[in-house]
Asks: 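The structure follows.
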Amino acid sequence: MADGFIRWYRESGATSVFAEQVQLFEEHGIGLVHPVRGAAVVLDVEGGQVLMPPEEVGRLLGLRISSITMDWWFSADIDVVDSYSYEPLGCEIQTLWLDGLTQEQADTVEAAVVAAATGLPTPTRAVIVDRRGVGDPDEWDSAVLYEGEGLPVVRDRVLVREPLKGKLLRSSPELRSEEAGAGLTLLSPARPL
């Protein structure tokens, strides 16, 4: 896969739900701690790996003062890069990059994100799935963060709530719709794009 991604927008809660997210991801076979190194791996601005205790990663994320890029692990040599950022309007954004993963591993990442989006107490605004990386993750920011009128094309799937759900269905009535729980609806093209 080339540059495929899953972008998860959620409200910034009063307290971080990162520890709960780690647990949900682990239930799907994706760990924060590197299985050999025994620590979480955060990437510095040059892409170098910095080892730190997972509690420190959670503490830094809880401060909500800067973006952090880290790795999640299927095994010692198969990782998922996760760019984690905050927006001034009280929204947390995680972009998980699917490049280098098998179809099954990408399915697992998507299942873990959907489980977290529907299972954590912090409300999710949207989850955008673009397995082939046809679009750009940032193209969804206007619609999700600012209720902008310009709507990107739904490539694979989106998990959304109102009012974005209604806007997408009005602009693309051919989208299939399925309730996913937690006030979210899964929308997908009737036929693959």
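Just so it is clear, the structure is predicted and the values come from calculations on it, not from any experiment. As a basis for the values below, the full set of heavy atoms in this structure was taken, side chains included, without hydrogen atoms, waters or symmetry mates.
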Asks: With sequence neighbours excluded, tell me which residues meet side-chain contact (heavy atoms from CB on, under 4.5 Å) with Glu55.
Replies: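 Partners of Glu55 under the side-chain contact (heavy atoms from CB on, under 4.5 Å) test: Pro53.
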Asks: Is there a continuous path of hydrophobic side-chain contacts, each under 4.5 Å between heavy atoms, that joins Val33 to Leu51?
Replies: no
Asks: Kindly state each residue pair satisfying salt bridge (Lys or Arg N to Asp or Glu O under 4.0 Å) with at least one member in residues 117-128, sequence neighbours excluded.
Replies: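 Residue pairs with at least one partner in residues 117-128: Glu11-Arg125.
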Asks: Can a donor-acceptor pair be found, under 3.5 Å and without considering hydrogens, that links the side chain of Ser172 to the backbone of Leu169?
Replies: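 No: the side chain of Ser172 does not pair with the backbone of Leu169.
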Asks: Looking at Asp3 and Arg132, is there a salt bridge between them, counting it only when a charged N and a carboxylate O are closer than 4.0 Å?
Replies: no
Asks: Give, for atom CD of Glu56 and atom CG of Leu61, the distance between the pair rounded to the nearest 0.5 Å.
Replies: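 Reported value, rounded in 0.5 Å steps: 10.0 Å.
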Asks: Does the Ser188 side chain pair with the main chain of Arg157, one donor and one acceptor, at a distance under 3.5 Å?
Replies: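 Pair absent, no side-chain N/O of Ser188 close to backbone of Arg157.
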Asks: Is it true that, when you exclude Glu174 itself, more than 12 heavy atoms of the residues, nucleotides or ligands shown sit nearer than 6.0 Å to its CD?
Replies: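 For Glu174, atom CD is crowded (more than 12 foreign heavy atoms under 6.0 Å).
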Asks: Give every residue pair that meets the side-chain hydrogen bond (donor to acceptor under 3.5 Å, both in side chains) criterion with at least one member in residues 17-38, sequence neighbours excluded.
Replies: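 Every pair satisfying side-chain hydrogen bond (donor to acceptor under 3.5 Å, both in side chains) with a residue in residues 17-38: Gln21-Gln94, Arg37-Gln49.
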Asks: Is a donor on one side and an acceptor on the other found under 3.5 Å between the side chain of Lys165 and the backbone of Leu159?
Replies: no
Asks: Do Val50 and Ile65 sit in the same hydrophobic cluster, where Ile, Leu, Val, Met, Phe, Trp and Tyr count as joined when their side-chain heavy atoms come under 4.5 Å apart?
Replies: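 Yes; tracing contacts between hydrophobic side chains, which count when under 4.5 Å, links both residues.
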Asks: Evaluate the side-chain proximity of Arg155 to Pro189: yes if any heavy-atom separation is below 4.5 Å, no if none is.
Replies: no
Asks: So, do Glu147 and Pro163 sit near enough that their side-chain heavy atoms are less than 4.5 Å apart?
Replies: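 Yes; the side chains approach each other to less than 4.5 Å.
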Asks: Just wondering, do Ile128 and Ile6 contact through their side chains at under 4.5 Å, heavy atoms?
Replies: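 No, their side chains stay 4.5 Å or more apart.
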Asks: What residues form a salt bridge (charged side-chain N to carboxylate O under 4.0 Å, His left out) with Glu87, not counting sequence neighbours?
Replies: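 Scan of Glu87 (salt bridge (charged side-chain N to carboxylate O under 4.0 Å, His left out), adjacent residues dropped) gives none.
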Asks: Hey, does Phe74 have a side-chain heavy atom less than 4.5 Å from the side chain of Val109?
Replies: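 They are in side-chain contact.
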Asks: Would you say Glu162 has more than 12 foreign heavy atoms packed within less than 6.0 Å of its CD?
Replies: yes
Asks: Could you state the interatomic distance from OG (Ser66) to CG (Leu60), rounded to the nearest 0.5 Å?
Replies: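 Ser66 OG to Leu60 CG: 7.5 Å, rounded to 0.5 Å.
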Asks: With a 4.5 Å heavy-atom cut-off, do Leu32 and Trp73 have their side chains touching?
Replies: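 Side chain of Leu32 against side chain of Trp73, heavy atoms only: no contact under 4.5 Å found.
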Asks: Sequence neighbours excluded, which residues qualify as ring-ring contact (aromatic ring centres under 6.0 Å, His included) partners of Tyr9?
Replies: none
Asks: With salt bridge (Lys or Arg N to Asp or Glu O under 4.0 Å) as the test, pick out the partner of Arg7 among Asp138, Asp136, Asp130, Asp156.
Replies: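 Of the listed options, the one satisfying the test is Asp138.
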Asks: Find the distance between CG (Leu120) and OG1 (Thr122) and round it off to the nearest 0.5 Å.
Replies: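 Rounded to the nearest 0.5 Å, the CG-OG1 separation comes out at 6.5 Å.
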Asks: Determine yes or no for a side-chain-to-main-chain donor-acceptor pair under 3.5 angstrom, with Asp82 supplying the side chain and Met70 the backbone.
Replies: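 A pair under 3.5 Å: no.
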Asks: Over 60° means perpendicular and under 30° means parallel, so tell me whether Phe18 and Tyr84 are parallel, tilted or perpendicular.
Replies: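 The rings of Phe18 and Tyr84 stand perpendicular, inter-plane angle above 60°.
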Asks: What's the spacing between Thr69 OG1 and Leu43 CG if we round to 0.5 Å?
Replies: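 One finds 6.0 Å between OG1 of Thr69 and CG of Leu43.
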Asks: Check whether any side-chain N or O of Thr102 sits under 3.5 Å from a backbone N or O of Gln105 as a donor-acceptor pair, and report yes or no.
Replies: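 Flag set: sc Thr102 to bb Gln105 pair under 3.5 Å.
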Asks: Please name all residues satisfying side-chain contact (heavy atoms from CB on, under 4.5 Å) with Arg64, sequence neighbours left out, ordered by chain then number.
Replies: Ser12, Ser16, Tyr86, Glu92
